[in-house]
Protein chains: 2
Amino acid sequence: MADRKGDEMSEASTNAGTRRRPLTRERVVQAAIAHADAAGLEGLTMRHVAKTLNVAPMALYRHISHRDDLIDAMIDIVFGEIPVPPVQGEWKTAMRERALSLRDALARHRWAIGLMESRRRPGAANLRHHDAVIGNLRGAGFDMAMVAHAYSLLDGYIYGFALTKMSMPIDTPAEFEAMAQDMFEPFPANEYPNLAAFVTDHVLQPGYDFAEEFEYGLDVILDGLERALS
Amino acid sequence: MADRKGDEMSEASTNAGTRRRPLTRERVVQAAIAHADAAGLEGLTMRHVAKTLNVAPMALYRHISHRDDLIDAMIDIVFGEIPVPPVQGEWKTAMRERALSLRDALARHRWAIGLMESRRRPGAANLRHHDAVIGNLRGAGFDMAMVAHAYSLLDGYIYGFALTKMSMPIDTPAEFEAMAQDMFEPFPANEYPNLAAFVTDHVLQPGYDFAEEFEYGLDVILDGLERALS
DNA sequence: ACCTGAACACCGTTCAAGT
DNA sequence: ACCTGAACACCGTTCAAGT
């Protein structure tokens, strides 16, 4: 497959044979995100990112000042993946879509969950996102106090659901059943009858999918805010 | 102060002059919790815990099998600090008190927030807690599907609020004002008018306290569940 | 101008040894 | 039986050096 003729010439000015593109901040951040998506936050080491870029660990420090600066940049990419809510537009559908987009972004980038709201130097996508959410709510008649209520309630729920879902030690029902066995095994039988019934009669039943709970709770919250607004 | 006569003799059988109590699992876990409360999860190293106990790092491994096993034990202590909800008793007040207790426990042990729901081998206090919550809801007439809805909504919100509150880079209003300056500084003036107005006209006003948002959202959720129940 | 290698002060954990 | 010390394979980051 080497030596294809007609390859695009967009990088024609680089030396033939020189596989190495110049390192840029963007390439470092993208490599870091790919690595964290695959290996988690604790798998995200400078040394590993450097290796995937075929570079010495120290080369990264020309483009980022330290690990936390890299994480700042990664988080702003995640915010950039969430469509900006329309400033005009019915608030309930806008907030509903925004919640689903944020949930999906956090599902793609589980390492980001605890970090989205903790940036001391939020990036442009982060600020733009929050500006649009607030703008939409204000336009729909929320006063400042209600904006604050709605924001803390929605984001608390969205991040918290993502957190509990992510930290669930299990993905498939088969795994869950195995874990449920192990879970009760060290304890006397029927020591926790309500929990046992809940697990066997509901959670382990075919068709139950924890992920679907998200929209139920979201609608309870949106309906509650609507009622508070009027 | 050495040589007090009349000291309690409860440890009288230990050698005089030997300051060292025997290491136990409980002492290791308690020292680890104290350390994590003060220094956070990333400050919780085997070597530091060992130093506070005046012991070589390796001595810990006689009582715990590895760092994750230590964390399992720490989490069950946190669950044990939350009063068990009464199995009989009006569900709304029981769930409200349980939410506030859990919030308070997470405020004392911020390192625990992402870990409470991720134990593969939950301890006795953990299982007992969940059993009592489910028992209360079942007794109040929740069917299994509604238990699942209520649980994921409440815990999502409780853990998520704790997470966003903890990760807020700031505690005092003065700090927040300084950070708000820095936050907008790299960007053109009035690039984010809605966000700027929200911050200056509401969040930075005297009397605003983000922590108080918790109960507002909690009541929206509890009222919504009550409505869904009937 | 851009990248590298050696080094420093850390980690969790294994293993063989001390009392 | 209980604890220790040296060692291994890792970290992030500094510093001086290479091209």
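Sequence lines set the chain letters: A, B, ... in the order given, protein chains first and strands last, and positions in each chain run from 1.
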Less than 4.0 angstrom between a side-chain N/O of A:His63 and OP1 or OP2 of C:dC2, yes or no? no
Nearest listed nucleotide, side chain of A:Ala56, among C:dT4, D:dA7, D:dG12: C:dT4
Given atom CG of A:Leu60 and atom P of C:dG5, what is their separation to the nearest angstrom? 14 Å
Length of the line joining B:Asp69:CG and C:dT13:P, which is rounded to integer Å: 10 Å
In whole angstroms, how far is the C1' atom of D:dC11 from the CG atom of A:Leu44? 12 Å
With side chains defined as the heavy atoms from C-beta onward, is the minimum distance between A:Met46 and A:Ile64 less than 4.5 Å? yes
A:Leu53 CG to C:dC2 C1': how many Å, rounded? 15 Å
Which residue, A:Arg62 or A:Thr45, contacts DNA chain D at a nucleotide closer to its 5' end, judged by nearest heavy atom? A:Thr45
Residue pair A:Glu215 / A:Arg103, side-chain heavy-atom distance below 4.5 Å: yes
Considering only C:dG12, C:dC3, D:dG12, which nucleotide approaches the side chain of A:Arg47 most closely? D:dG12
From the candidates C:dC11, C:dC3, D:dT4, the one with an atom nearest any side-chain atom of B:Met58 is D:dT4
Would you mind reading off the distance between B:Asn54 atom CG and D:dT4 atom C1', rounded to a whole angstrom? 14 Å
Closest approach of A:Ala105 and A:Ile82, non-hydrogen atoms and distance? CB-CG1, 4.0 Å
Side chain proximity check, A:Arg108 to A:Glu81, heavy atoms < 4.5 angstrom: yes
Within the structure shown, what part of the strands sits under 4.0 Å from A:Arg67 by heavy-atom distance: base, sugar-phosphate, or nothing? sugar-phosphate
B:Ala59 has a side chain; which of D:dC11, C:dT4, D:dC3 sits nearest to it? D:dC3
The side chain of A:Tyr61 lies closest to which of these nucleotides: D:dT4, C:dC11, D:dT13? D:dT13
Please state how far atom CE in B:Met46 lies from atom P in C:dT14, giving the value in whole angstrom units. 12 Å
Output the rounded distance in Å from NZ (B:Lys51) to P (C:dG12). 12 Å
Rounding to a whole Å, what distance do you find between B:Ile71:CD1 and C:dG12:C1'? 12 Å
Nearest of C:dA7, C:dC3, D:dT4 to any side-chain atom of A:Leu23? C:dC3
From the list B:Arg119, B:Arg121, B:Arg25, salt bridge (charged side-chain N to carboxylate O under 4.0 Å, His left out) partner of B:Asp69 resolves to B:Arg25
Measuring centre to centre across the rings, with the benzene-like ring taken for any Trp, is A:His130 within less than 6.0 Å of A:Tyr151? yes
Verify the contact: side-chain N or O of A:His48 to OP1 or OP2 of D:dC10, cut-off strictly under 4.0 Å; return yes or no. no
When B:Met74 is tested against each of B:Leu115, B:Leu44, B:Leu41, B:Val28 for side-chain contact (heavy atoms from CB on, under 4.5 Å), which residue passes? B:Leu44
Are B:Tyr157 and A:Phe161 near enough that their ring centres are under 6.0 Å apart? no
Are there runs of at least three consecutive Watson-Crick or G-U pairs touching DNA chain D, with each pair's two distances under 3.5 angstrom? Give them by first number. C:4-8 with D:12-16, C:12-16 with D:4-8
